[in-house]
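Everything below concerns the one structure shown next.
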Amino acid sequence: MLLLAGGVMSLVAAVPNPPANRLELSALPRASANDNRRPAGTLRDGKLDLKLEIVNAEWFPEAEGGPSLTMQAFAETGRAPEIPGPMIRVPEGTEIHVTLHNSLDSEVVVHGLHTRPATTDDVVRIPAGATREVTFQAGAPGTYFYWGTSAKKPLNFRVGKDSQLSGAIIVDPRNDPPHADRVFVVGVYSDDPDSAAGRVPHPREIAVFNGKSWPYTERFTYNEGDSVYWRVINASAAPHPLHLHGFYFNVDRSGSEAVDSVLATSAIRQANTRLTLSGGTLAIRFVPDRPGNWLFHCHLALHVDGTSTVKNIVHRRPFSEIESEHVGMNHGLHEMAGLIIGIHVLPHGAPRVASTKEAQRLRLLIQTKPNGYSHKPAIGFVLQQGAEPKRDSVMLPGTTLFLERGRPARITIVNRLSVPTAVHWHGLEIESYPDGVAGWSGMPGKILPAIQPADSFIAEYTPPRAGTFIYHSHMNELLQTNSGMYGAMIVTDSAHPFDPRIDKIILVGGGGPGNIETRSTGMVNGTTAPQFELEAGTTYRLHLIQIHPQALIMFRLGTDSTTARWTPVAKDGADLPPEQSTSRSAFVLMGAGENGEFLYTPERPGLQRLNIQTRLAGWQIPVLLFVRPSKKVVAN
């Protein structure tokens with residue numbers, strides 16, 4: 001049964017604050033974007049002395065000469081305000097002394113200025129116009145942060161004018177040189193006057209890495225084969241499934257504002273998409289081993305959609321007006337915005353030798369069905385098999401594509417929509433050009449174009465790894481992916497066959513068009529009433545795929561009163577090592593773009609449920625698993 005919750009419009013777990021009180025801009029200091037490369041304060045003889053002020057500032061999350069918002073910000077005394085706030089970076093064992101002056105007209109509560117690990121949330125309360133001091137030991141090495149609020153709300157409710165009151169705290173090991181790393185602080189600001197007036201919420205959000213929204217975020221250039229080490233701090237009120245195009249990354253450490261630690265032996269470390277909840281931190285490393293342009297971004301469509309701009313927040317323009325001007329923009333640079341970082345990888349050494357195997361040729365049609373979702377159009381993929389399909393036929397989800405590891409694929413994509421589109425082969429370690437970000441993927445002189453209406457594009461690549469992957473639209477995902485432009489990809493080899501009898505694909509996707517103010521409902525395998533028939537004693541491989549671009553999804557397998565056990569064997573298409581592939585409770589939380597393979601053996605006949613539901617109020621779809629008695633004959 002599909003359950004809907006009225007009024008749930010955003011993944012931010014809160015009703016946003018009223019719009020920021022915009023002061024006369026000429027009277028405000030200008031906040032600079034903090035790239036977190038300069039440690040703040042004065043470090044001498046094992047002691048850091050730092051003086052901070054809390055001020056109203058003019059914030060430019062896009063171009064430096066573009067529109068601005070009045071935002072509260074931290075400033076190191078004698079320097080301009082910064083968003084995010086000044087970075088505290090010290091060696092283990094350092095004594096940290098911070099003086100805070102509050103120049104606002106309301107009290108500010110500052111969290112995170114304490115020794116790590118922490119078991120309590122020590123706070124510093126600073127009345128309007130007052131100054132407070134705090135001294136603490138740095139504590140254990142790791143990635144942490146401090147944050148403030150003038151609205152006296154917890155972090156996952158802090159979305160208004162105090163939403164950028166955050167700063168990184170990095171504690172380096174005492175005897176080891178600091179990593180050659182980069183630090184990224186995530187911030188999300190939401191403005192919703194409708195909610196403040198008691199009407200149905202219509203939030204619009206600005207999401208930033210280190211104070212900037214794409215395409216104004218910092219770009220990175222690496223050589224092929226470089227080692228990259230990044231720290232990500234989610235100091236925003238929203239969760240973020242972070243996706244790296246083209247490569248896997250390893251999570252070395254994870255934590256929160258209070259604690260950070262190396263992952264346990266059994267924890268899954270390798271991924272190309274990793275969910276980071278509000279207040280979470282990650283330390284990741286990866287090796288970009290193929291040249292070209294790549295992206296690292298949040299996979300929630302709301303946080304990368306090009307309509308989420310300062311202009312659209314300030315002027316509250318009707319969505320129909322925004323959407324009409326949005327179509328036809330350069331996708332890579334203007335049709336996206338928000339939590340995106342661009343990566344350029346320069347070639348180093350000899351190019352890879354192309355496979356000499358005969359290519360597997362597929363023809364994939366993108367079509368629309370006028371009344372696919374309760375009188376709203378469905379958009380989807382249809383794999384041509386024999387005669388050309390009818391123009392109004394749509395598969396929900398798209399046809400599962402079966403490719404072979406090491407064999408070239410040559411996929412002709414035909415666009416029968418009235419708008420441009422592009423297709424991303426999510427998780428595949430392929431060349432940059434066919435990766436699917438129109439206006440960005442590729443190399444200088446050869447940049448991927450959008451697939452125009454009534455036109456086609458041939459995606460050519462060779463899958464280097466067997467596993468479970470996803471293909472989906474990478475253009476206007478709130479509309480296109482939500483409306484059905486997604487499907488599973490299974491890459492096989494001799495060690496990874498696919499047997500429909502035991503391999504079961506469970507694909508969660510959108511259930512109709514959405515936009516920056518409306519969340520799409522959900523579907524599982526194209527329906528709201530999915531079911532499977534299993535046999536007791538048989539081990540099945542469940543391919544759980546989450547590509548709903550506006551949801552976090554909880555999967556729980558069992559009965560009403562008990563939770564079953566399963567064994568994860570792959571994450572995002574990559575096999576797990578034995579120490580991570582261990583039996584555990586059959587529950588997993590996935591963000592958009594994540595997938596996993598799990599071995600499950602039903603022990604006895606009866607009814608089991610794989611319950612699939614949004615993490616917050618929204619919708620729920622139970623997958624019914626009818627377990628019949630075993631047909632195996634026991635020899636006497």
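With respect to K51 and D49, a salt bridge is recorded, a charged nitrogen being found less than 4.0 Å from a carboxylate O. Between D45 and K47 no salt bridge is recorded (no basic side-chain N to carboxylate O distance below 4.0 Å).
What you find for D162 and A151 is that their closest heavy atoms are OD2-N, 3.3 Å.
The side chain to side chain donor-acceptor pair (under 3.5 Å) test applied to R615 returns no partner, not counting sequence neighbours. Shown here are the salt bridge (Lys or Arg N to Asp or Glu O under 4.0 Å) partners of D121, two or more places apart in sequence or in another chain: there are none. The side chain to side chain donor-acceptor pair (under 3.5 Å) search around N293 returns H344, not counting sequence neighbours. Residues passing the salt bridge (Lys or Arg N to Asp or Glu O under 4.0 Å) test with D260 are R253, sequence neighbours excluded. Partners of A40 by side chain to side chain contact (heavy atoms under 4.5 Å, CB included), not counting sequence neighbours, listed by chain and number: R38, L50, E76, P86. Qualifying side chain to side chain donor-acceptor pair (under 3.5 Å) partners for S432, counting only residues two or more places apart in sequence or in other chains: none. A search for side chain to side chain contact (heavy atoms under 4.5 Å, CB included) contacts involving E107 returns V109, R125, K152, not counting sequence neighbours. Looking at residues two or more places apart in sequence or on another chain, you find a side chain to side chain donor-acceptor pair (under 3.5 Å) between D181 and R89, R231.
When each of S163, S166, S190 is tested with R158 by the rule side chain to side chain donor-acceptor pair (under 3.5 Å), just one qualifies, namely S166. Checking each of L263, V259, T276, V262 against S254 for a side-chain contact (heavy atoms from CB on, under 4.5 Å) leaves exactly one that passes, namely L263.
Screening residues 62-72 for salt bridge (charged side-chain N to carboxylate O under 4.0 Å, His left out), with sequence neighbours left out, gives R30-E64, E64-K212. Within the structure, the salt bridge (charged side-chain N to carboxylate O under 4.0 Å, His left out) test picks out no pair touching residues 126-143 (sequence neighbours left out). Pairs of residues two or more places apart, or lying in two chains, that qualify as salt bridge (charged side-chain N to carboxylate O under 4.0 Å, His left out) and include a residue from residues 567-595 are K571-E594. Residue pairs that meet the salt bridge (charged side-chain N to carboxylate O under 4.0 Å, His left out) test with at least one member in residues 268-296, sequence neighbours left out, are D252-R285, D289-R352.
Formation of a donor-acceptor pair under 3.5 Å by the T281 side chain with backbone atoms of G255 is found in this model. No side-chain donor-acceptor contact under 3.5 Å links W59 to the backbone of I83. Of the possible polar contacts, none joining the D172 side chain to the D176 backbone as a donor-acceptor pair under 3.5 Å is found. A donor-acceptor pair is defined here as one N or O able to donate and one able to accept, closer than 3.5 Å; no such pair exists between the side chain of E224 and the backbone of P347. Distance alone, capped at 3.5 Å, is enough to place a donor-acceptor pair between the T217 side chain and the I340 backbone. Listed for the N156 side chain is no donor-acceptor partner under 3.5 Å among the backbone atoms of A237. Within the 3.5 Å criterion, the main-chain N or O of V183 finds a donor-acceptor partner in the side chain of N210. Checking side-chain atoms of S213 against main-chain N and O of G338 turns up a donor-acceptor pair under 3.5 Å. The backbone N or O of I126 lies less than 3.5 Å from a partner atom in the side chain of N102, making a donor-acceptor pair.
The ring of H424 has its center no closer than 6.0 angstrom to the ring center of H299. Ring centroids of H297 and H240 are separated by 6.0 Å or more, keeping the two rings apart. Ring-centre distance between H426 and H474: not below the 6.0 Å cut-off.
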Chi angles and distances behind the side chain to side chain contact (heavy atoms under 4.5 Å, CB included) call for R565, S583: CA-CA 6 Å; R565 297 189 70 80; S583 176; 3.1 Å; yes
Start with the C-alpha distance between F286 and Y229, add both sets of side-chain angles, then the distance that settles ring pair (Phe, Tyr, Trp, His ring centres under 6.0 Å), and finish with yes or no. CA-CA 7 Å; F286 63 95; Y229 192 87; over 10 Å; no
Would Y189 and Q164 count as a side chain to side chain contact (heavy atoms under 4.5 Å, CB included) here? Give the steps. CA-CA 8 Å; Y189 166 71; Q164 308 306 310; 4.0 Å; yes
Residue pair V134, L100: steps toward the side chain to side chain contact (heavy atoms under 4.5 Å, CB included) verdict: CA-CA 8 Å; V134 59; L100 300 113; 4.3 Å; yes
Report the C-alpha distance between E257 and H111 in whole Å, list the side-chain angles of each, state the deciding distance to 0.1 Å, and finish with yes or no for side-chain hydrogen bond (donor to acceptor under 3.5 Å, both in side chains). CA-CA 9 Å; E257 178 266 311; H111 303 248; 5.8 Å; no
Criterion side-chain hydrogen bond (donor to acceptor under 3.5 Å, both in side chains) on T468 and E597, from CA distance to verdict: CA-CA 8 Å; T468 302; E597 298 175 28; 2.7 Å; yes
One pair to check against side-chain hydrogen bond (donor to acceptor under 3.5 Å, both in side chains): N312 and T309. What are the steps and the verdict? CA-CA 5 Å; N312 291 336; T309 64; 3.2 Å; yes
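Within 6.0 Å of atom CG in D105, 12 or fewer heavy atoms from other residues, nucleotides or ligands are found, so the atom counts as exposed in its surroundings.
A tilted orientation is assigned to the rings of W230 and Y222, their planes being inclined by 30° to 60°.
L244 CG to T273 OG1: the interatomic distance, rounded to the nearest 0.5 Å, is 8.5 Å.
Contact check for L552 versus L275: side-chain heavy atoms found under the 4.5 Å cut-off. Counting heavy atoms from C-beta outward, C298 and P241 have side chains that approach closer than 4.5 Å. Within the 4.5 Å cutoff, the side chain of V310 has heavy atoms near those of the L69 side chain. At a threshold of 4.5 Å between non-hydrogen side-chain atoms, the residues T582 and T567 do not count as touching. Annotation: side chain of V171 is in contact with side chain of Y144 (closest heavy-atom distance under 4.5 Å).
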